[in-house]
Amino acid sequence: MAESAVNILVRSIEFLLDKPGFLIGGVRHEISKVKLELESIGSFIKDAEKCKQQNENVCVWVVQVRDVAFEAEDIIDEFLYHVDSMKKGGFAGRLVGIFYLPKVLWLRHKTALELRRIRGEIKAIAKRSKRYDLSQMAGSSTVGSNSQHSCSCVQNIGESLLFIENDEVVGIDEVRDSLLSSLEGEEAHRIVISVAGMGGSGKTTLVAKAYTSLTVRKNFDCSAWVSVSQSNMIEDLLKKLISEFFDGKEDLIPKNLKSMDYRQLVETLVKFLQKKRYVVVFDDVWNNNFWRQVSVALPDDKNRSRIIITTRNEDIAAYPYCPGGAHIFSSKPLADDYAWKLFCNKAFSSQPNCQCPPELEEIGKALVKTCEGLPLAIVALGGLMGSKDGSELKWREVYDSLSWHISNNKLLDEVKTVMLMSFNDLPFYLKNCFLYCCHFPIGEWIGAGRLIRMWMAEGFLEEKSSLNPEAVGKIYLKELISRNLLQVVKHQSFIRPKVCKLHDLMWELARSISEKENFLSICSAEELEKNEIRARRLSVQNVEGTLKMNGDLTQVRSFSMFNFKGENILLDDLLSRFRLLRVLELNDAKIDFLPNELGKLFNLRYLSLSGTGIKELPMSVNQLRNLQTLDIRRTEVNELPNGITKLHNLRHLLAYGKEIAVEHFAYVKGVKVPDKMWKLKNLQVLNCIEANADVARKIRKMTKLRRIELTYVKKEYMKDLCSSIDKLKFLHHLLVMAVDANEVLKVDDLSETPFILRKVTLVGKLCKVPRWFSSMLNVMHLHLHWSQLPEDQDFIPCISQLPSLEHFVLVNAYSSKKQLLFKSGFQKLEDLHVSCLPELEEMVFLEGVMPKLMRLHIHNCPKLKEVPQGLDYLTNLELMNLKAASSELVESIRSRESSGRSKVGRIPSIKHYYEADGVHVYESLSQHFVS
């Protein structure tokens with residue numbers, strides 16, 4: 001982690017040196033020298049990080065580098081804090097500057113001395129690196145012995161699965177059969193099959209059961225299983241292949257195999273495999289650089305040869321290994337019943353039928369749940385619990401201290417080793433991003449946009465060429481997901497995954513590393529009071545009562561609270577201790593005001609008050625000149641102060657009020673903004689504000705806007721607003737909500753939608769179908785609320801031809817329409833939501849329409865009494881939700897004798913939502929199809 005700390009500090013210094021300012025002048029030279037020293041030592045850090053696991057001296061050296069980088073950051077930030085407090089503008093500022101001159105000179109002198117000391121420490125650390133001779137160590141055979149041991153351990157685990165008994169494998173029969181079908185397929189060309197999944201997910205077990213099957217032994221002339229480590233040389237892989245293929249034919253193995261070069265090895269393999277039908281498994285592939293060199297040794301004689309690759313990386317799985325494209329399988333988590341069976345097989349192997357005693361079942365299932373279907377973890381945990389003599393007390397002790405056991409218990413070493421390899425394989429810039437995810441409570445869903453904004457505030461995202469930090473964040477997020485280190489919970493395909501999470505065991509691993517590296521600490525209220533915090537970031541969880549903090553916490557750069565159940569937060573005291581804070585997140589805390597001390601957090605980049613009870617922002621908010629994200633969603637703030645226009649670094653303003661059900665007209669509430677809002681020219685997201693004449697006319701000057709949501713739009717604003725939207729060439733998300741349900745949205749003045757527009761939401765009356773609807777070629781989400789079009793104004797034929805549309809929402813879109821007829825088109829639509837159509841009596845889907853539809857929502861259509869016609873044409877439909885539906889429609893699905901039942905028999909999930917005694921509940925109608 002020292003590499004990350006140094007790189008982030010160097011980038012911060014570069015940014016600082018590019019900024020003009022007389023107050024920094026006195027220490028600019030010393031800051032530059034610190035930067036040069038850090039850059040010089042940087043070349044050693046990467047090698048040192050590799051060596052530290054097996055050399056205690058090197059480990060100490062790395063910690064010293066990290067700590068001195070943190071100290072240098074503290075000194076520079078502390079200096080800037082005092083400089084900021086002395087800044088004033090105009091003539092008054094010059095007078096104040098004269099008054100503060102002695103203080104400025106003293107501050108410069110003091111800071112220069114501290115930086116000189118830091119520079120001396122860096123030089124001393126650099127000298128020690130020569131003593132340890134890190135460069136030689138990196139090149140020697142001893143380097144990476146720990147990582148080599150890890151690779152060897154993982155290879156042994158993988159190859160041991162070739163001998164695993166059938167009763168030790170559960171829940172993979174269906175996927176194994178599909179894999180065997182691909183191996184037996186009639187395609188003559190050599191094909192490559194990829195199996196992807198996170199470490200320990202069972203992908204190697206799946207392939208092993210197929211590889212050792214009778215089918216493979218009967219149908220292939222020869223086979224080879226090669227475990228691929230993170231550092232395998234191509235010659236080593238080819239030698240392993242030869243040894244595997246020639247197994248049992250010692251006389252055929254070349255006597256000089258060990259000394260053969262690449263060309264000789266390839267020739268040997270090609271000659272042996274000529275005209276043979278073979279199968280090869282490359283297990284645990286970390287990159288595909290080997291493929292071009294190894295593929296020439298595996299001839300394609302069009303005799304149905306097969307190659308299987310297992311990998312933790314989705315991008316490697318999807319690589320075009322052969323002309324026919326990728327054949328990809330995913331190893332999914334085990335279902336709950338299979339997970340429990342596997343655990344019992346291991347934990348109670350000595351019991352009849354591996355039966356769990358009743359008194360251990362509750363705690364046992366809780367333990368299995370933490371594994372989230374990960375077979376390796378389930379087996380390891382089952383082995384651990386099997387050693388606890390069936391004592392419920394001992395089992396609960398393990399459950400309560402699972403994090404410690406993962407880090408320290410030898411019986412769980414396999415799990416830790418497999419998962420740690422995924423972390424160690426990350427480049428340094430992704431390690432911080434991954435570890436930051438344990439900042440959120442275990443099991444919690446993490447909004448992708450929120451995570452990226454926090455990474456940006458922490459300085460983890462570096463602008464690269466033409467990419468802004470948000471774009472870099474999306475790339476980093478995608479890479480963590482493709483490496484199966486983050487799980488996607490919900491997709492938002494047009495931008496990025498919308499919601500993700502860490503697997504519980506990955507969270508435990510991230511927490512263990514974070515606390516060891518002083519990167520992040522997850523604290524209780526008691527720990528805060530003890531003043532034992534050394535970490536740079538604090539995540540305070542499940543606090544009850546009053547939150548108190550002691551001691552100097554100026555080293556802390558990030559503070560977040562989760563599940564705060566107390567009644568009191570001493571914010572004045574809190575903010576005074578965190579004056580160098582970059583991230584402050586107080587979501588859902590019981591706070592109804594913010595003190596003026598907030599303005600002293602000059603370093604603050606990210607401020608989230610979402611879900612709190614605050615009613616206004618303090619006037620001092622205008623002093624947060626570095627603020628990039630302000631999140632006041634779901635608060636009582638109705639109006640932003642005038643000073644908000646001074647926050648020229650603000651990029652994300654998230655400001656909608658309390659949410660109301662989507663069926664209501666004003667389902668989001670905007671916030672009033674001051675005039676001259678257009679001065680915030682770095683804003684990319686403006687969500688969600690009340691429109692006014694000034695906003696409508698001048699928003700065109702905010703040329704970086706990518707997302708804008710405007711409420712309270714009046715008819716007289718529309719011409720200027722449409723003209724402004726025409727100028728926003730980077731816009732990908734647009735919401736326009738009229739002042740009330742009777743106000744007409746005259747959006748026809750918009751010449752055409754921006755080419756990159758991905759989501760459009762219009763809330764208000766439309767007199768006719770806008771002529772630019774047909775130009776929405778890249779729009780994936782279209783929401784039309786309260787359009788109230790007359791029946792003769794039908795926009796469905798026009799919208800059905802949009803080539804990218806995936807989500808289509810109609811809420812009170814027609815005033816009197818009795819039939820919704822979907823004739824054709826909607827080729828990519830996955831989600832259809834129809835709501836508040838009071839006269840609708842019939843829905844019809846013709847053959848060929850919506851071939852990819854997966855979810856159908858029908859809400860509040862009281863006259864719709866029959867199941868929509870043509871549902872059997874929607875072969876991919878997985879979910880149908882009914883809300884406030886007519887009793888006739890519900891009964892037609894529920895009743896065994898009704899004709900409606902047969903129309904929905906293939907839909908896996910049907911839910912009926914309704915209100916009972918003031919409580920919203922639902923019933924599953926799909927259960928009635930079970931015989």
Side-chain angles (χ1 to χ4, degrees), residues 174-175 178 196 314 317-318 324-330 332 448 478 481-482 487-500 662 732-733 753 756-761 773-784 794-811 813 820-835 842-859 861 867-883 893 902-911 925-926 929:
E174 187 177 336
V175 186
S178 297
E314 306 282 351
H327 297 68
I328 303 173
F329 288 82
S330 294
K332 302 294 184 184
K478 181 181 180 296
I481 291 167
S482 74
Q487 301 172 318
V488 179
V489 180
K490 185 177 180 181
H491 282 277
Q492 184 166 303
S493 56
F494 68 98
I495 305 177
R496 57 181 175 267
K498 187 173 183 179
V499 181
C500 51
V662 74
H732 67 63
H733 183 139
T753 60
I756 65 169
L757 197 64
R758 298 293 185 266
K759 182 173 181 178
V760 176
T761 302
F773 265 27
S774 59
S775 72
M776 298 190 295
L777 301 181
N778 292 301
V779 167
M780 295 183 175
H781 289 232
L782 179 60
H783 296 232
L784 300 174
D794 192 357
F795 46 52
I796 287 178
C798 170
I799 290 168
S800 69
Q801 302 309 309
L802 297 181
S804 304
L805 192 64
E806 295 180 1
H807 302 264
F808 185 29
V809 177
L810 293 172
V811 179
L820 274 182
L821 174 60
F822 300 100
K823 294 181 180 179
S824 62
F826 295 105
Q827 293 301 298
K828 288 192 175 182
L829 196 70
E830 298 176 358
D831 202 322
L832 176 63
H833 185 125
V834 176
S835 179
E842 185 180 33
M843 284 182 69
V844 180
F845 299 90
L846 298 187
E847 187 173 4
V849 74
M850 302 183 191
K852 295 185 177 181
L853 192 72
M854 292 188 288
R855 295 170 293 276
L856 174 61
H857 310 265
I858 303 173
H859 295 179
C861 298
V867 173
Q869 296 179 36
L871 285 183
D872 28 334
Y873 296 135
L874 307 178
T875 55
N876 285 307
L877 196 61
E878 299 174 352
L879 170 70
M880 185 165 78
N881 281 341
L882 305 175
K883 183 178 178 182
I893 297 174
S902 61
K903 295 179 182 178
V904 297
R906 291 186 302 100
I907 304 174
S909 176
I910 304 175
K911 293 180 180 178
L925 299 180
S926 46
F929 304 130

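For clarity, every value in this text was computed on a predicted model and none was experimentally measured.
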request  = Take Leu925 and Val904, measure what side-chain contact (heavy atoms from CB on, under 4.5 Å) needs, and give me the verdict at the end.
outcome  = CA-CA 10 Å; Leu925 299 180; Val904 297; over 6 Å; no

task = List the steps, then state whether side-chain contact (heavy atoms from CB on, under 4.5 Å) holds for His859 with Asn881.
result = CA-CA 8 Å; His859 295 179; Asn881 281 341; 4.3 Å; yes

task = Start with the C-alpha distance between Asn778 and Arg758, add both sets of side-chain angles, then the distance that settles side-chain contact (heavy atoms from CB on, under 4.5 Å), and finish with yes or no.
result = CA-CA 6 Å; Asn778 292 301; Arg758 298 293 185 266; 3.1 Å; yes

key: Steps toward side-chain contact (heavy atoms from CB on, under 4.5 Å) verdict (Gln801, Ser824)   = CA-CA 8 Å; Gln801 302 309 309; Ser824 62; 4.0 Å; yes

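With rounding to the nearest 0.5 Å, the separation of CD in Gln487 from CD1 in Ile481 is 10.5 Å. For the atom pair CZ of Arg855 and CE of Met880, the computed distance is 15.0 Å after rounding to the nearest 0.5 Å. The distance from the CG atom of Leu802 to the CD atom of Gln827 is 12.0 Å, given to the nearest 0.5 Å. Interatomic distance, NE2 of His807 versus CG of Leu782, reported as 12.0 Å (0.5 Å rounding). Rounded to the nearest 0.5 Å, atoms NE2 (His781) and CD (Glu806) are 6.0 Å apart. The distance from atom CD1 of Ile796 to atom CG of Leu821, rounded to the nearest 0.5 Å, is 8.0 Å.
Only one option out of Val809, Leu820, Leu853 pairs with Leu832 in a side chain to side chain contact (heavy atoms under 4.5 Å, CB included); it is Leu853.
More than 12 heavy atoms of other residues, nucleotides or ligands sit less than 6.0 Å from atom NZ of Lys903.
His857 and Asp831 share a donor-acceptor pair across their side chains, judged by distance under 3.5 Å alone.
Looking at heavy atoms from C-beta onward, Phe795 lies in side-chain contact with Leu810 at the 4.5 angstrom threshold. The shortest distance between side-chain heavy atoms of Ile799 and Leu784 falls below 4.5 Å. Put simply, the side chain of Tyr873 does not reach to within 4.5 Å of the side chain of Val849, judged on heavy atoms. Here the side chains of Leu757 and Met776 are not in contact, with every heavy-atom distance at 4.5 Å or above.
In this view, Phe826 and Phe808, Phe822 satisfy the ring-ring contact (aromatic ring centres under 6.0 Å, His included) rule, not counting sequence neighbours.
Proximity of a side-chain donor or acceptor of Ser804 to a complementary backbone N or O of Leu777 within less than 3.5 Å is detected. Of the possible polar contacts, one joining the Asn876 side chain to the Pro851 backbone as a donor-acceptor pair under 3.5 Å is found.
Looking at every heavy atom in both residues, Met780 comes nearest to Leu805 through O-CD1, 3.6 Å.
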